[in-house]
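Read through the structure below, which is laid out as structure tokens, and then see the notes.
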Amino acid sequence: MFIVVGRAQSGLTAHRLNDDGSAAGDPERVGDLGAFVRSVETFPASEVRWVWDDTARWYPRLLEAGLRVARCHDLRLCHAILRDSARVNAPVEGGAGAWSSAEQADDASGAGDEALFDLGDDVGRDDLATDRLTETVDELRRQLAAITSADEPGGLRLLLAAESAGALIAAEMRFAGLPWSSAVHDTALTELLGPRVGPGVRPQRMEVLASAIRATLEDPLLNPDSPQDVLRALRRTGAMVDSTRAWELRELDHPVVPPLLEYKKLSRLLAANGWAWMDAWVRDGRFRAEYLPGGVVTGRWAARGGGVLQLPKQVRSAVRADPGWKLVVADAAQLEPRVLAGLSGDTAMASAGHGVDMYAGIVAAGAVDTRQHAKIAMLGAMYGATSGESARLMPRLARAYPRAIAYVETAARAGERGEVVTSRLGRSSPRPGEGWLKTQRQASDPDATPADERRARSSARDWGRFTRNFVVQSSAAEWALCWMAELRGALAAIPRTDASLGLAGTGFADAPHLVYFLHDEVIVHTPEEHADRVAAILEESARRAGRLLFGEFPVDFPLGIGVVDHYGEAKG
DNA sequence: TCCGTGGTACTA
DNA sequence: AAACTAGTACCACGGA
């Protein structure tokens, strides 16, 4: 059962549809969406799938009203997948074009939009003159037809369900927030940088280092924050460097290197996660970032606000469970290699992963000599290394695991020809842009110069590396989405500790819930008494995700799990 | 003063 | 030894 919600001329309206998209009644005017959802939804077990244009526009309001929904179909996210998927034979087309545009996504971040919930005063305004509900229902039907037309529609259905579940999770994680101790954060900053300073003022520890740098380079006016200044000064002392990147400085035997590296480290900490960051992003003990499901072409999430996907290890100890609560931190061990084994049906590679450490399994199988070599070779296979140790080790991997390596090589060759590649469940890579095609055409012109040919070959290989990685990264993102969707469902089924607490309706104040997601890693914030159960649920969800993607193919997805008081304790 | 670009560093 | 995927976000700098 679908319930499509949207605006109509008469106001906020809901329309029930059967699973095939046919009407299951007439559209009904809804006065108050919260009350309507409350009357219908039976979270966490529900037969209803809510359909709306954009989860980020609708769901936060429901959460604030103390409501959660079990399932949804996010038309914006699903449209993007169906539009590009090579498995779809009857493309999603028609509509006002809004489904393809970025405007929807931009809209989504806008907090306002009272009109969604109460349209009374807005009827008659130009932008509301169109019947949006009808268009929304039409779009759902177009999408259902596209799915039906697809090769392997089951995979695509799973992908769309998982993507939509991800949209719910993203909104819920923002609503719940990541538990953050400003006191711990401030102590860490003060220890490293010196006492707190205002914006534009260099903290004491950095000031000391800046003086040392200036003295060593005999340049009293040098600004250590200016790469140009520093590079010039280094060159003046005869240092052979092309940049001031840390890795290059480390190679250099020069007395300025230690204080300079230390300065750069502290400068980065201050700029990226210093006191200004704390003031901007931490409120009431929670860090609330905005997650953007489908924000990366591979299906990985993007994010904005506070750099939540780059949280440095230095400050992770500030991520603290509330008193009486625990953080259960879990990451999938060697997710991408395991996904590659599943994608390619490489049973030898899959059995190397039967233990917790797949790289150790590869060494045990005799493919390479050390764990480090196994890791480097595998990264080279998935990223398309062309030089260095990684490229040298790769052939050994190809001998031991020909099916797996052939799989990524095939994806690379397809990309070099400008073709599209597709993930396990049906997300396809974008087509190369006009500039890329033009470069290729120029190279096949009879008058093409060797430079034209070189440029074309180089950009073809670049795109091949992208498609090579796409098949693995996008399928790994699908595994992670399935993992989280299973996890969310199982967590919601845990009996509540004390339903009399505040926010009882949503369970974020008294029950285990997701607070963090980073590609192959999650954090669940849970009352202490449920921590072990949460850990077991995480494992079971990982097993289920593996079966959803790869059926009975014997590839394992073991987790590293830690039950901790703060994120810094979890091994990263 | 505003805005785009390059340089740098952090994450998986 | 520093190339080989996907991102966000800061700062300095230089041109309008």
Side-chain angles (χ1 to χ4, degrees), chain A residues 199-200 202 222-232 241-252 260-261 263-274 276-277 280-281 289-316 331-337 339-340 375-394 408 411-412 415 421 423 427 429-430 458 461-477 479-480 516-522 560 567 572:
Chain A
R202 195 176 268 140
L222 178 128
N223 174 10
D225 292 314
S226 164
Q228 294 179 24
D229 258 25
V230 173
L231 188 58
R232 255 196 309 272
V241 283
D242 298 317
S243 75
T244 65
R245 291 188 183 94
W247 66 260
E248 198 168 352
L249 294 178
R250 263 179 226 115
E251 310 268 294
L252 201 62
L260 188 50
L261 286 174
Y263 181 90
K264 286 163 80 78
K265 212 165 96 186
L266 294 180
S267 165
R268 163 77 192 186
L269 174 64
L270 177 70
N273 296 98
W277 179 92
W281 294 107
E290 184 182 4
Y291 292 91
L292 304 172
V296 181
V297 287
T298 57
R300 274 189 174 182
W301 289 13
R304 65 179 156 222
V308 69
L309 301 185
Q310 311 141 252
L311 214 55
K313 297 195 164 76
Q314 275 170 311
V315 300
R316 288 185 177 186
D331 74 303
Q334 304 98 34
L335 177 58
E336 294 195 348
V339 165
L340 175 56
K375 187 173 176 177
I376 288 170
M378 192 61 84
L379 289 175
M382 290 184 303
Y383 291 162
T386 56
S387 66
E389 192 179 18
S390 190
R392 280 200 303 280
L393 288 165
M394 244 257 276
V408 285
V421 297
S423 72
R427 192 187 308 258
S429 62
S458 162
R461 291 214 175 113
D462 287 348
W463 197 256
R465 279 195 299 278
F466 166 62
T467 53
R468 167 198 296 268
N469 185 251
F470 184 97
V471 292
V472 179
Q473 189 180 118
S474 61
S475 302
W479 181 91
Y516 188 69
F517 170 53
L518 183 55
H519 307 319
D520 62 1
E521 177 173 1
V522 298
Y567 191 18

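This one's a predicted model, so the numbers in the text were calculated from it and none came from an experiment. Within every chain, numbering begins at 1; the chains are lettered A, B, ... in the order of the sequence lines, protein sequences first and strands thereafter.
With hydrogens and angles ignored, the 3.5 Å screen pairs a side-chain donor or acceptor of A/T467 with a backbone N or O of A/G464. No donor-acceptor pair closer than 3.5 Å links the side chain of A/E290 to the backbone N or O of A/G305. For A/S474 (side chain) and A/G299 (main-chain N/O), no donor-acceptor pair under 3.5 Å exists by modelled atom type. A donor-acceptor pair is defined here as one N or O able to donate and one able to accept, closer than 3.5 Å; such a pair exists between the side chain of A/S429 and the backbone of A/V421. Although no hydrogens or angles enter the test, the distance criterion places no donor-acceptor pair under 3.5 Å between the side chain of A/R300 and the main chain of A/L518. Using a distance-only test at 3.5 Å, with no hydrogens or angles considered, a donor-acceptor pair links the side chain of A/S390 to the main chain of A/I376.
Within the 4.0 Å cut-off from OP1 or OP2 of C/dT5, at least one side-chain nitrogen or oxygen of A/R465 is found. The side chain of A/K313 contributes no N or O atom lying less than 4.0 Å from OP1 or OP2 of B/dC10. For the OP1/OP2 pair of B/dT8 and a distance below 4.0 Å, the side-chain nitrogens and oxygens of A/T244 include at least one atom meeting the criterion.
One interatomic measurement links the two molecules: CG of A/N469 to C1' of C/dC4, which rounds to 9 Å at whole-angstrom precision. Spacing between atom NZ of A/K265 and atom C1' of B/dC10 amounts to 13 Å, rounded to whole angstrom units. A straight line from CG of A/L269 to P of B/dA9 spans 14 Å, rounded to a whole angstrom. Between the OH atom of A/Y567 and the P atom of B/dC10 there is a distance of 16 Å, given to the nearest Å. What separates CG of A/D242 from P of B/dG7 is a distance of 11 Å, to the nearest Å. Remark: P of B/dT11 and CG of A/L335 are 19 Å apart, rounded to the nearest angstrom. Distance, A/D462 CG to C/dA6 C1': 14 Å, rounded to whole Å. Whole-Å rounding puts the A/R392 CZ to C/dA2 C1' distance at 13 Å.
Residues A/W277 and A/V315 have side chains not in contact (no heavy-atom distance under 4.5 Å, counting atoms from C-beta outward). Residues A/V308 and A/Y516 are in side-chain contact: their nearest non-hydrogen atoms beyond the backbone lie under 4.5 Å apart. Put simply, the side chain of A/Q314 reaches to within 4.5 Å of the side chain of A/L269, judged on heavy atoms.
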Can you build the contact string for nucleotides 8-16 of chain C? Use B for base contact, S for sugar-phosphate-only contact, and - for no protein heavy atom under 4.0 Å. BSS-SSS--
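Between the side chain of A/R245 and the base of B/dA9, no donor-acceptor pair of N or O atoms lies under 3.5 Å.
Side-chain atoms of A/W247 lie closest to C/dA2 of the nucleotides B/dA9, B/dA12, C/dA2. Nearest nucleotide to the A/S390 side chain, out of B/dT8, C/dC4, B/dA12: C/dC4.
Heavy atoms of A/A391 sit nowhere under 4.0 angstrom from any nucleic acid atom.
Ring geometry for A/F466 against A/F470 counts as perpendicular: the plane angle is over 60°, on a 0 to 90° scale with 30° as the lower cut.
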Working note: A/T386 + A/R461, criterion side-chain contact (heavy atoms from CB on, under 4.5 Å); need CA distance, chi angles, decisive distance, verdict. CA-CA 10 Å; A/T386 56; A/R461 291 214 175 113; 5.7 Å; no
With side-chain contact (heavy atoms from CB on, under 4.5 Å) as the test, would you mind laying out the steps for A/L260 and A/K264 before giving the verdict? CA-CA 6 Å; A/L260 188 50; A/K264 286 163 80 78; 4.3 Å; yes
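Axis deviation across the helix from B/dT1-C/dA16 to B/dA12-C/dT5 amounts to 10°, comparing end segments of five pairs, rounded to 10 degrees.
Taking atom P on both nucleotides, B/dA12 is separated from C/dC4 by 22 Å, rounded to a whole Å.
Residues from residues 375-385 of chain A placing a heavy atom under 4.0 Å of any atom in DNA chain B do not occur.
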